[in-house]
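Below, each value reflects all heavy atoms present in this structure, side chains not excepted, and no hydrogens, waters or symmetry copies. Keep in mind the model is a prediction, meaning the values are calculated, not measured.
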Amino acid sequence: MRSLRAKFAGFAVLVLLCADGAAHVASQSTQPSAIAEIQALIREKQYDRALALTAADLENAPADFRLWTVQGIAFSLQGNPSQALNSFDKALQLSPAYIPALKGEVEILFRAGDKRAMALLEKILKADANDVTAHEMLASLERKNGECAKADRHFELAADAINTHAESLEAYGYCLFESKQPEKAIPVFERLVTLLPDRSYAKYDLAVVQVSGGQYDAAIKTLEPLLTDDQKDADILSLASQAYEKVKNTPRAVALLRQAIVLSPTTPGYYAAFAALCLEHDSFQVGVDMMNVGLKYIPDDPSLYLSRGLLYVELAQFENAEADFSRVEKLSSFQALGSYALDLTEVQRNNPEQAVARARNQLKAHPDDPLLNYFLAQSLMNQSPDVESEQFKEALRAALKSVKARPDYVPAHDLLAAIYSHAAQYSLAIEECRTALRYDPSDETATYHLLIAMKHSGQTEELPALSKRLAQLHRESLQHENERKSFRLIEADGPANSTPTDTNLQLPPG
């Protein structure tokens, strides 16, 4: 299987040394025979002699961008990318649109994962919009840069060129999945499986997308060859468990998930998935027992306490549930439980006092800014202030300012619900939760605080339904996160270990 780097590099040299390049020779002071001699030396892998001859010719023709480009190729093949880049840069200073120099430099930058290659690839595509290799390379870099929408477009323009490149197929499929196009991602991963029939990660990636797209029977068919007695990959077993549960084969789902937990007892998501199965099938005590096992391995993970608390609610053991929910609050340090958690930056995690000071300082210039007020309130509450303290009152004022300035900002309503619950003002907490849920019915944090507030206010009639709803939301949140992280993206010939060789920069026959 020819690599993308080899394909691009070979094409770059072909362009340089064939007919198109010959047209440039006529405008240079260097004689065509001298260029031909350098080419012959490079073909014979006599790079030192080729470089010596090139240096001598450049003394007589320092403005010959073609000579600088040939020198760059020789340096690259010799394994000296920094010198090669210098030569290509000189060629491009003299002739900014010279395609062989552009491609020579791109090949080196691409191998290193350097973002500077992206602008050069755009230049190449401006000159030739049908250059499928340039489209493919640009798409690969855009995916690594987190720009999946752009990558999707360039992978599509690369067309069939990517069908023999496993890394490109997987990157394209990943980006289609990230941009919520599983129906397009599935055939891409199917091509990957065909290309790599003996690699389990290819089947796994395909099954991830199939499960996400609701094709559970297809996912089971994809994964079944991997579900051997000696399978040691817990992620494969967990994914298969999800698919089997969706086709109502719960015994098989439970067995696979148990096996995953045995193989990886410190993975919180497996326990949360097991708790969700127990909640769905009214096996509450079995779920509690499994959460107890998990807490022996990962005693400070809030998701296990949340799962066990939900199971306790179903068993009507409300004191135990409340204890677990309180533990969740302490471990979460007032951070939101679901996808609306705001990243309060490294400075808050490592220096909360500095975070508060910065927020206060910025609020002097922007006193009504909803995000700054939310940031201040969250930072203050992370320090667990006493309800009667000025710090707690300042946090409440800031949170109220945030929702006043931006009534649809769900995290601020979630935070207010937590603050009111902390102050035992449960009716106000319930009001904030219901407001948040009007804006976002899938708000896991609001559902959680609503369950707690209603329990404390004696409104128990909704607790079973809320408990099941929270379990569902929590599982969906974990599943989405697991899907996002689950792809086994390959980095064939990775940048750190890749050096140019004569096998990926080949001269055409002379």
Side-chain angles (χ1 to χ4, degrees), residues 300-303 305-306 309 322-437 439-440 443-453 455-457 477:
D300 292 326
D301 189 89
S303 69
Y305 285 102
L306 176 60
E322 180 63 22
D324 276 352
F325 293 150
S326 297
R327 183 69 173 159
V328 171
E329 290 287 1
K330 291 178 182 178
L331 291 172
S332 299
S333 188
F334 275 88
Q335 294 290 338
L337 296 169
S339 60
Y340 280 98
L342 181 66
D343 181 5
L344 298 181
T345 76
E346 196 66 30
V347 67
Q348 180 180 340
R349 288 190 290 271
N350 295 333
N351 194 334
E353 290 81 8
Q354 184 180 353
V356 169
R358 286 188 179 182
R360 286 171 174 157
N361 186 56
Q362 292 181 44
L363 280 167
K364 291 178 182 177
H366 309 282
D368 297 319
D369 185 281
L371 294 181
L372 282 175
N373 276 292
Y374 173 78
F375 184 96
L376 175 60
Q378 182 79 80
S379 299
L380 290 167
M381 291 307 298
N382 278 348
Q383 299 177 30
S384 302
D386 184 84
V387 173
E388 299 299 327
S389 68
E390 183 54 39
Q391 189 178 24
F392 183 91
K393 295 174 183 176
E394 183 182 8
L396 176 58
R397 289 194 299 269
L400 287 169
K401 273 191 174 184
S402 180
V403 296
K404 181 179 180 181
R406 186 175 166 185
D408 63 346
Y409 189 45
V410 171
H413 290 290
D414 291 341
L415 180 58
L416 266 177
I419 292 173
Y420 285 135
S421 291
H422 194 61
Q425 295 179 284
Y426 298 113
S427 61
L428 292 174
I430 290 171
E431 182 180 341
E432 292 300 328
C433 291
R434 295 201 186 282
T435 299
L437 289 167
Y439 288 113
D440 178 17
D443 184 357
E444 184 184 352
T445 303
T447 306
Y448 165 73
H449 286 301
L450 182 59
L451 187 150
I452 296 296
K455 162 67 176 61
H456 279 288
S457 62
S477 174

Could you work out, with side-chain contact (heavy atoms from CB on, under 4.5 Å) as the rule, every residue matching [X], not counting sequence neighbours?
X      : result
Asp301 : Pro268, Ile298, Ser303, Leu304
Ala412 : Tyr374, Ser402, Val403, Tyr409
Arg360 : Val356, Leu376, Leu380, Glu394
Ala323 : none

Go through the structure and list residues passing salt bridge (Lys or Arg N to Asp or Glu O under 4.0 Å) with [X], not counting sequence neighbours.
X      : value
Asp386 : none
Glu388 : none
Asp408 : Arg406

Can you see which heavy atom on [X] is nearest to which on [Y], and at what distance?
X      : Y      : answer
His413 : Pro407 : NE2-O, 2.7 Å
Phe392 : Val387 : CD2-O, 3.3 Å
Ala417 : Cys433 : CB-SG, 3.6 Å
His422 : Pro385 : NE2-O, 3.7 Å

Only one of Thr445, Asp440, Thr435, Thr447 passes side chain to side chain contact (heavy atoms under 4.5 Å, CB included) with Asp414, and that residue is Thr445
Can you name the residues that form a ring pair (Phe, Tyr, Trp, His ring centres under 6.0 Å) with His456, not counting sequence neighbours?
Tyr426
With Phe325 via ring pair (Phe, Tyr, Trp, His ring centres under 6.0 Å) - residues at least two apart
Tyr448
Can you name the residues that form a side-chain hydrogen bond (donor to acceptor under 3.5 Å, both in side chains) with Asn373, not counting sequence neighbours?
none
What residues form a side-chain hydrogen bond (donor to acceptor under 3.5 Å, both in side chains) with Ser457, not counting sequence neighbours?
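Per chain and number, Ser457 pairs via side-chain hydrogen bond (donor to acceptor under 3.5 Å, both in side chains) with Gln459.
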Gap separating the [atom1] atom of [X] from the [atom2] atom of [Y], nearest 0.5 angstrom:
X      : Y      : atom1 : atom2 : result
Gln362 : Leu371 : CD    : CG    : 11.0 Å
Ile452 : Ile430 : CD1   : CD1   : 11.5 Å
Arg397 : Ile419 : CZ    : CD1   : 11.5 Å
His449 : Leu437 : NE2   : CG    : 11.0 Å

Pairwise salt bridge (Lys or Arg N to Asp or Glu O under 4.0 Å) hits with a residue in residues 422-434, at least two apart:
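Sorted pair list: Arg434-Glu462.
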Step-by-step side-chain contact (heavy atoms from CB on, under 4.5 Å) determination, Leu306 to Asp324
CA-CA 6 Å; Leu306 176 60; Asp324 276 352; over 6 Å; no
